[in-house]
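Structure first, then comments.
Every chain is numbered from 1, with letters handed out A, B, ... down the list of sequences.
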Protein chains: 2
Amino acid sequence: MSSIPLRPDVPLGAPHERSDAARNRERLLSAARDLVAEFGAEALTMDALACKAHVGKGTVFRRFGSRAGLMMTLLSDSESEFQHGFMFGPPPLGPGAAARERLIAFGEGRIYFVLENGELLKAAGAATRNRFDVPATKLSHRHMEILLREAGIADPRVMAMSLTYALDPERIVDDVRVRGISPTRLTDSWRELITRLLPAA
Amino acid sequence: MSSIPLRPDVPLGAPHERSDAARNRERLLSAARDLVAEFGAEALTMDALACKAHVGKGTVFRRFGSRAGLMMTLLSDSESEFQHGFMFGPPPLGPGAAARERLIAFGEGRIYFVLENGELLKAAGAATRNRFDVPATKLSHRHMEILLREAGIADPRVMAMSLTYALDPERIVDDVRVRGISPTRLTDSWRELITRLLPAA
């Protein structure tokens, strides 16, 4: 997979990982996700994960190194999945649809990705801002730039930056949790923005 | 003037200020702006200002309280001027032009405002981000919302938020100073965005 992890040194599943180790890893990550979904990211401690997954605490530490490592692995996995979707997945997010439809699907996917991972982003201490030194943000920006060029935008690089900021994770999280705007209003407005920006050919 | 200062407790020129006092204040602020323009915001100290304006240091302290107070006054003055422009000034920024033309002029004005005041914004320790608890940001957002509603956007509140983030001060400053994008490219791209978003009636 050519996806770029949030931090290149976080193991994404080495190619020669034995399948039982891979299964164990998946089981731990799935338990970790359940903990976050149920009790929030603060509840995700190494102890809680060991308990939830019925393994020893040593196993959890050997696997992820630290609580921060665990969180980065969770984030990196989600980010990779989303990246894989827009680069290689089925249309309209992936190749095969018109640039306009792909951009609409990209923004919708991004909004839900941020809302699902916002807790984790904050807790992991990762910048929730659009930092352009983060490889995942660069890749997203580049993806939008290519689609905007395909759709005839005069300065696709600068327009992609405007759209990246419109999808700022902090903005999305604050809109929903502080300003009480529903996720559907966000995705509807994104659709209106792209539909008007790139009229149907 | 109904403009909202960045910090309500910063004096914007009280109504009963005597005219010689007002002139002195204006002279000090003008000298302060010259210092920032010539040597950057770091050079703006109370000493340097007193020296530049040929007054005693005590006068500068009595007028602005502290270096931070001086910076907030400078910022607040610029912000008020820009606010006055879009609320009461001549078209296309002010009333009298179509929503589309007013939004184009607003973004252009905002980009130059940020570039002129970026140094000061950083040095004053003011958040260079679009914090929605800052009255000036709320007013800008509301202004865009009204214009977007006038132009027939389905959810003007959420769209105004997207456009506010596209004009994020940190984005504008980084585009120009870090990524080497010219201010003209930024304003051209803003014009393309609004022109496509709100086709001519």
Side-chain angles (χ1 to χ4, degrees), chain A residues 100 103 107 110-111 114 127-133 137-138 141 144-145 148-149 151-200, chain B residues 100 103 107 110-111 114 127-133 137-138 141 144-145 148-149 151-200:
Chain A
R100 183 198 205 211
L103 263 174
R110 190 75 205 165
I111 288 165
V114 168
T128 51
R129 306 265 353 266
N130 284 308
R131 293 260 162 237
F132 281 87
D133 45 2
T137 306
K138 276 191 190 149
H141 178 264
M144 288 207 275
E145 184 181 341
L148 290 167
R149 174 166 295 119
I153 288 292
D155 194 338
R157 185 176 163 212
V158 176
M159 190 69 81
M161 203 73 85
S162 298
L163 296 183
T164 298
Y165 271 84
L167 292 174
D168 183 290
E170 197 173 296
R171 175 251 160 121
I172 292 169
V173 170
D174 283 0
D175 266 3
V176 172
R177 304 212 179 138
V178 181
R179 293 184 277 272
I181 291 168
S182 70
T184 310
R185 266 181 82 182
L186 290 186
T187 53
D188 284 353
S189 185
W190 173 259
R191 177 178 289 271
E192 183 177 28
L193 173 60
I194 300 302
T195 304
R196 285 172 169 260
L197 190 64
L198 311 175
Chain B
R100 184 199 204 210
L103 262 175
R110 190 76 207 164
I111 287 165
V114 168
T128 51
R129 305 268 350 269
N130 284 308
R131 292 259 162 237
F132 281 88
D133 45 2
T137 307
K138 276 191 192 151
H141 177 263
M144 287 207 275
E145 183 181 341
L148 290 167
R149 176 167 295 118
I153 288 292
D155 194 337
R157 185 175 166 213
V158 175
M159 190 69 81
M161 203 72 85
S162 298
L163 296 183
T164 298
Y165 270 85
L167 292 174
D168 183 292
E170 196 172 299
R171 176 252 160 121
I172 292 169
V173 171
D174 283 0
D175 265 3
V176 173
R177 304 212 180 137
V178 181
R179 293 183 278 270
I181 292 169
S182 71
T184 311
R185 266 181 83 183
L186 289 186
T187 54
D188 283 352
S189 185
W190 173 260
R191 177 179 288 272
E192 184 177 28
L193 173 60
I194 299 303
T195 305
R196 286 172 169 260
L197 189 63
L198 311 176

Any idea which heavy atoms bring Leu197(A) and Arg196(B) closest together, and the distance? O-NH1, 2.8 Å
Measuring from Ser162(A):OG to Leu163(B):CG, what's the distance to the nearest 0.5 Å? 9.0 Å
Closest non-hydrogen contact found for Glu192(A) with Ala154(B) is OE2-N, 2.9 Å
Nearest 0.5 Å please: distance from the CZ atom of Arg185(B) over to the CZ atom of Arg157(A). 6.0 Å
Which residues pass the side-chain hydrogen bond (donor to acceptor under 3.5 Å, both in side chains) test with Ser189(A), sequence neighbours left out? none
Are Ile153(B) and Leu193(A) close enough that some pair of their side-chain heavy atoms sits under 4.5 Å apart? no
Is the shortest heavy-atom distance from the side chain of Ile181(B) to the side chain of Val158(A) under 4.5 Å? yes
What part of Asp188(B) gets within 4.5 angstrom of chain A, counting heavy atoms only: side chain, backbone, both, or neither? neither
So what's closer than 4.5 Å to chain B heavy atoms on Asp175(A): side chain, backbone, both or neither? side chain
